[in-house]
Novice: 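The following block contains the structure, expressed as structure tokens.
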Amino acid sequence: MIYVFPTETVYGIGASVWDKEAIKRIFKIKGRPADNPLIVHISRIEHLEEIAWEVPEVAWKLIERYWPGPLTLVLKKHPALPYEVTGGRDTVAVRMPAHPVALLLIEKEGPIAAPSANLSGRPSITTYEHAVEELGDKVDVILKGKTTQGIESTVISLVGRPRLLRPGPITYEELKELLPELVVAKSKEAEAPGMKYPHYQPTHKLYLLTRPDGDFPEVKGAIWRKDIPLPRKLEKVFYYQNERELAQNLYYWIRELDKIGDMVVLGVPEKGLGFSIMNRLKKAAHAILQ
Ligand code: AMP
Ligand code: MG
């Protein structure tokens with residue numbers, strides 16, 4: 001059985017880690033390359049023993065502080081865990097989501113392997129309405145619930161030297177306090193398989209503007225900072241007051257603007273949550289305008 005379900009980050013499309021056929025169907029539905037592994041979602045610490053192998057001391061420190069929550073840990077894979085889940089790797093990404101609907105589902109089904117619920121390469125999904133638009137004719141069950149963070153989990157690898165593979169709601173700066181040896185992985189690193197594929201892209205062009213006074217081509221819509229005047233009148237504009245609000249609504253706004261045409265997004269400084277948001281926007285962008 002395949003479920004589309006809300007988490008506190010974005011909507012996921014998942015199935016039991018033991019149901020290899022369903023896992024293969026998830027890759028097919030999304031059009032996801034088979035070597036791009038899924039995140040295993042658990043609801044209790046005992047699940048970790050079925051999924052991971054030789055969990056290091058440093059993992060427990062992070063688990064205690066951040067689970068349930070938007071932190072994914074890459075660990076050595078349990079020998080019994082199907083390779084379909086890990087894209088053929090000997091490592092596995094795992095997290096415990098902080099969302100009552102996701103946790104209920106996992107309590108019923110056991111550990112669930114789930115990537116984001118968007119079709120491969122497209123922006124993630126953060127509302128029930130968009131989940132139905134994207135997957136309504138492809139899956140049997142879409143569960144309803146509110147996402148709060150709005151961007152995908154922070155991913156760190158703890159196999160070898162701790163490395164940040166994907167920035168997310170829990171910031172690099174914050175993690176570095178608990179884990180001073182943490183470094184940002186190079187995007188070329190083969191160990192961050194998701195990074196080599198197109199990501200988060202709308203159908204229309206998204207222009208990422210890095211300066212509020214910069215010029216941009218003709219567009220229909222914008223995502224813009226509330227206290228900065230927008231230089232032109234556009235058909236539809238979504239305003240954010242701060243980074244938190246931008247992260248929470250980012251994918252909803254991009255998908256809504258994509259319904260009318262090209263868009264411009266005014267970026268944010270690349271620190272804290274802003275670093276995670278810009279990581280998504282740079283990949284979503286048709287062009288980055290300085
Ligand atoms: P998604 O759920 O669509 O955001 O995709 C899951 C993310 O976790 C992708 O960026 C994957 O590359 C990453 N991931 C999952 N498993 C592993 C793993 N074993 N090693 C490194 N990255 C992983
Ligand atoms: Mg994804």
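First listed ligand is number 1; within each ligand, the first listed atom is number 1. We're numbering straight along the sequence, starting at 1.
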Novice: Under the side-chain contact (heavy atoms from CB on, under 4.5 Å) rule, what do Arg166 and Ser153 come out as? Steps first, then yes or no, please.
Specialist: CA-CA 8 Å; Arg166 176 173 76 186; Ser153 62; 3.1 Å; yes

Novice: Ignoring hydrogens and geometry beyond distance, is a side-chain donor-acceptor pair present between Glu152 and Tyr251 at under 3.5 Å?
Specialist: yes

Novice: Under a heavy-atom criterion of less than 4.0 Å, does Thr86 contact ligand 1?
Specialist: no

Novice: Just jot down the ligand 1 atoms closer than 4.0 angstrom to any heavy atom of Ile39, in number order.
Specialist: 6 (C), 8 (O)

Novice: Excluding sequence neighbours, so at least two apart, what forms salt bridge (charged side-chain N to carboxylate O under 4.0 Å, His left out) with Asp258?
Specialist: Arg122

Novice: Using a strict 4.0 Å cut-off to heavy atoms of Val74, name the atoms of ligand 1 that fall inside it.
Specialist: 20 (N), 21 (C)

Novice: Would you please determine whether Lys77 falls within less than 4.0 Å of ligand 1 on a heavy-atom basis?
Specialist: no

Novice: For ligand 1, which atoms have a heavy atom of Asn36 less than 4.0 angstrom away?
Specialist: 9 (C), 11 (C), 12 (O)

Novice: Would you please say whether a donor-acceptor pair under 3.5 Å links the side chains of Asp140 and Tyr3?
Specialist: no

Novice: With Pro115, which residues qualify under side-chain contact (heavy atoms from CB on, under 4.5 Å), at least two apart?
Specialist: Ile13, Ile26, Lys30, Arg32, Leu38

Novice: Which bit of Thr91 is near ligand 1, meaning a heavy atom under 4.0 Å away: side chain, backbone, both or neither?
Specialist: both

Novice: Out of Glu152, Arg166, His41, who gets a non-hydrogen atom closest to atom 4 (O) of ligand 1?
Specialist: Arg166

Novice: Counting no waters, how many protein N/O/S atoms sit under 2.8 Å from the Mg ion (ligand 2)?
Specialist: 1

Novice: For Glu8 and Gln149, indicate whether the former's side chain and the latter's backbone hold a donor-acceptor pair under 3.5 Å.
Specialist: no

Novice: What residues, two or more places apart in sequence or in another chain, satisfy salt bridge (charged side-chain N to carboxylate O under 4.0 Å, His left out) together with Lys24?
Specialist: Glu21

Novice: What I want to know is whether Lys30 and ligand 1 share at least one N or O pair that is separated by under 3.5 angstrom.
Specialist: no

Novice: I need the contact type for Arg32 against ligand 1. Using non-hydrogen atoms and a strict under-4.0 Å cut-off, is it side chain, backbone, both or neither?
Specialist: side chain

Novice: Under 3.5 Å between any N/O of Ser116 and any N/O of ligand 1: does that happen in this structure?
Specialist: yes

Novice: Indicate, as side chain, backbone, both or neither, the part of Leu38 found under 4.0 angstrom from ligand 1 when only non-hydrogen atoms are considered.
Specialist: backbone

Novice: Step by step, work out the side-chain hydrogen bond (donor to acceptor under 3.5 Å, both in side chains) result for Glu133 and Tyr128.
Specialist: CA-CA 9 Å; Glu133 278 175 24; Tyr128 175 74; over 6 Å; no

Novice: Rounded to the nearest 0.5 Å, what separation is found between the CD1 atom of Ile106 and the OG1 atom of Thr7?
Specialist: 9.5 Å

